[in-house]
Protein chains: 2
Amino acid sequence: MVEQRNGDQRPPTIYDVARAAGVAVSTVSRAFSRPGRVNAETAARIRKIASDMGYRTNPLARALLTGRTSVIALAIADITNPYYFGIIRGAQAAAIDAGYTMLLANAQESDRLEREALDRSIGMVDGIVLTSTRMSDSAIRKMARLRPLIVLNRVVVGLPCVVTDHRHGMREAVAHLTELGHTSMTYVAGPEAAWADSVRWQALREIAAERGLKVHRIGPHPPTVAGGVTAVEQFRTQPAGAVIAYNDMVALGFLQGLAALGAKVPADVSVIGFDNIFGTELVTPGLTTVASPLQTLGATAVRQLVATIGGAPPQTGDPVMLPTRLVIRGSTGPFRRRRTAAAFRSGSTAGG
Amino acid sequence: MVEQRNGDQRPPTIYDVARAAGVAVSTVSRAFSRPGRVNAETAARIRKIASDMGYRTNPLARALLTGRTSVIALAIADITNPYYFGIIRGAQAAAIDAGYTMLLANAQESDRLEREALDRSIGMVDGIVLTSTRMSDSAIRKMARLRPLIVLNRVVVGLPCVVTDHRHGMREAVAHLTELGHTSMTYVAGPEAAWADSVRWQALREIAAERGLKVHRIGPHPPTVAGGVTAVEQFRTQPAGAVIAYNDMVALGFLQGLAALGAKVPADVSVIGFDNIFGTELVTPGLTTVASPLQTLGATAVRQLVATIGGAPPQTGDPVMLPTRLVIRGSTGPFRRRRTAAAFRSGSTAGG
DNA sequence: GTGAAAGCGCTAACAG
DNA sequence: CTGTTAGCGCTTTCAC
């Protein structure tokens, strides 16, 4: 009703620019989005005026009309976990490349919180990347019906997924230990709900069967440094010369626990982790680990999502599988039966 | 022109719900936003129908009208840096508490990228938290005119700021070293552009003057592990018994560099970092550090921003200053002049 | 307690 | 090449 636009504080609209330039709003709009279809001079003049006025197109209005916000959501199981840093970074870079902005939805390790966060943001985003989601398959499928969606670190049949080739990684890890003379190894399990844990453990069992190795599983343990520390208690009752941990956090904790016990790494026990997160190269000895392609994981997921948003058919077939790389540091060494046995002799806390 | 709404795939709108319920759209709208002003039965019926249809209000349309998106942007200098994990986490939690969603803008350590990311998202957010921004004061002020804004880890006069009390933290660090008998210390500087670096160094100089201590500054060095490693080269030409590093990343790298040289920590050199990031407790020896209240920093900034968005007057007076806490681990110990001298005797690479 | 109607700022037809 | 116009889906007066 009130005709006085641009009253005072509120930002200038396209109408204000049009009026100032003496052209129609559509011309202003075109001057920005399709410069080719406007007289070059006019376009330049409009742009000058617009920038002088401090005009910026209102992305909300545009999105309401076009249905595109150029924002994608990245759901993360736990922002605190260094594992996700690489993923976030890769995703962010790919998003920027494609002209998208990233909305971060932290699940805080909770199914409910993840759902709520996504529920809030789903209306504002063009697509979703679910990372190590805690949601059920059916909940994921429901979301996928609302928006293009891609699943990271989990396989959901019928949806586009990007995963790491844990099986191959485990094969490399075992080969490395075998070369060092180890024939018996303990797997320190992570959370049972974790997709990666079941894949890794199953792969280890199969490989052990193939090669005639002895494997033993302890856990489950929380996928944290603390979880690794406590795992040592369980381990010492039935020690082995080599330990493969669910992930680096657990491995790092395990290393700490061993040190507290006075056990030497790798002389008494060899330890391997998974992922190659920040910190694994800083501890002493450095942690040997099966590196996940973290940044590539994030970037691949985003790129595929952006393609889907752009109209490409979603890759609902086999999941995209990214390769691992074994990073050998100081925490693995030759098997020495006597040292191992001595280190964990009941009651002993003495080391080298 | 086409009357066929709800044609096929597109989500139901408020009109669809209104039609299905046989009421006016305004009634549907009220049923959600002001349940009190609608007949209770009717409201319940409408909500039932809406949920059955899978209706969800379009946040874009709402935002276009109300001018509120319930999204805030968090600009981060470098997502890769573990320093920011705690801040992100605290910010995220506070945002959720207040009913906001967080948009992450990664600056990738670049003034330009930061500006671009913010430019893209500024239209979609109700407010902005700038963390360790690389932008100039004037650029920051310009942004602040567009949206409520809060500056983290830097003081910009006239804008609301949240910072850590580095001065006090440095005082604690020096007190700790002094108690251990150190009277001479080296400061390993971070990037010159970093606000925290200048504050920390200046504080150290003042404190040293007060107490009659000898301080020496080397650098600047990149605020990374690699930066710390290379700093050792410079340090060994003029060693001291105690080192205060710009931050934990540098300190961690410094520790590595010392180990490579065969120097013992803390017997030959004591090392202190700043921030207490992930990893400082995992290295051997653990890093003594001046802990920053990372989560509190993020949460405080967001809470203040949300208050401002809600109409509270922005706190443009003195910056909010949050306290540090000295975390003593194994990297600091008593001063031993001879050990230090011996460890860095020119050409020597042998340790204790 | 409910309905009708006017836009929020923008873009995409459709005419000229 | 440019102008006119009809909405995108929602909330908010203003009537009844």
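Residue numbers start from 1 in every chain, and the chains themselves are labelled A, B, ... in the order their sequence lines are given, proteins ahead of strands.
Going from atom CZ of B:R10 over to atom C1' of D:dC8 covers 9 Å, rounded to whole Å. Here D:dC10 presents its P atom at 14 Å from CG of A:L60, a figure rounded to the nearest Å. The nearest whole Å value for the distance from the CG atom in A:L64 to the C1' atom in C:dC8 is 9 Å. Here D:dC10 presents its P atom at 16 Å from CZ of B:R34, a figure rounded to the nearest Å. Regarding B:L65, its CG atom lies at a distance of 10 Å from the P atom of C:dG9, rounded to whole Å. Distance, B:E41 CD to C:dG1 C1': 13 Å, rounded to whole Å. The CG atom of A:N58 sits 18 Å away from the P atom of C:dG7 (whole-angstrom rounding). Between the CE atom of B:M124 and the C1' atom of C:dG9 there is a distance of 14 Å, given to the nearest Å.
Checking B:G36 against A:S33, the closest nucleotide of DNA chain C that is more toward the 5' end is the one next to B:G36.
Atom CG of A:N153 is separated from atom CG of A:L130 by 10.5 Å, given to the nearest 0.5 angstrom. Separating the CE atom in A:M124 from the OG atom in B:S70 is a distance of 9.0 Å, to the nearest 0.5 Å.
Distances shorter than 4.0 Å separate some side-chain N or O of A:T42 from OP1 or OP2 on D:dT2. For the pair A:T13 and C:dG9, the criterion of a side-chain N or O lying under 4.0 Å from OP1 or OP2 is not met. The phosphate of D:dT11 (OP1 or OP2) has no side-chain N or O of B:T66 nearer than 4.0 angstrom. Contact between the side-chain N/O atoms of A:R62 and the OP1/OP2 oxygens of C:dT11 is found at a separation under 4.0 Å. The side chain of A:Y55 contributes an N or O atom lying less than 4.0 Å from OP1 or OP2 of C:dC10. Taking side-chain N and O atoms only, A:S26 has no distance below 4.0 Å to OP1 or OP2 of C:dA12.
Put simply, the side chain of B:L297 reaches to within 4.5 Å of the side chain of B:L322, judged on heavy atoms. Under the 4.5 Å side-chain criterion, counting only non-hydrogen atoms from C-beta, B:S136 is not in contact with B:R141.
Looking at A:R30, its side chain comes within 3.5 Å of the base of D:dG3 through a donor and an acceptor atom.
Set against D:dT4, C:dC10, D:dG9, the side chain of B:A61 has D:dG9 as its closest nucleotide.
Remark: the backbone N or O of A:A75 is paired with a side-chain donor or acceptor of A:T131 at under 3.5 angstrom.
Residue A:T57 is classed as a sugar-phosphate contact, given heavy-atom separations below 4.0 Å to backbone atoms only.
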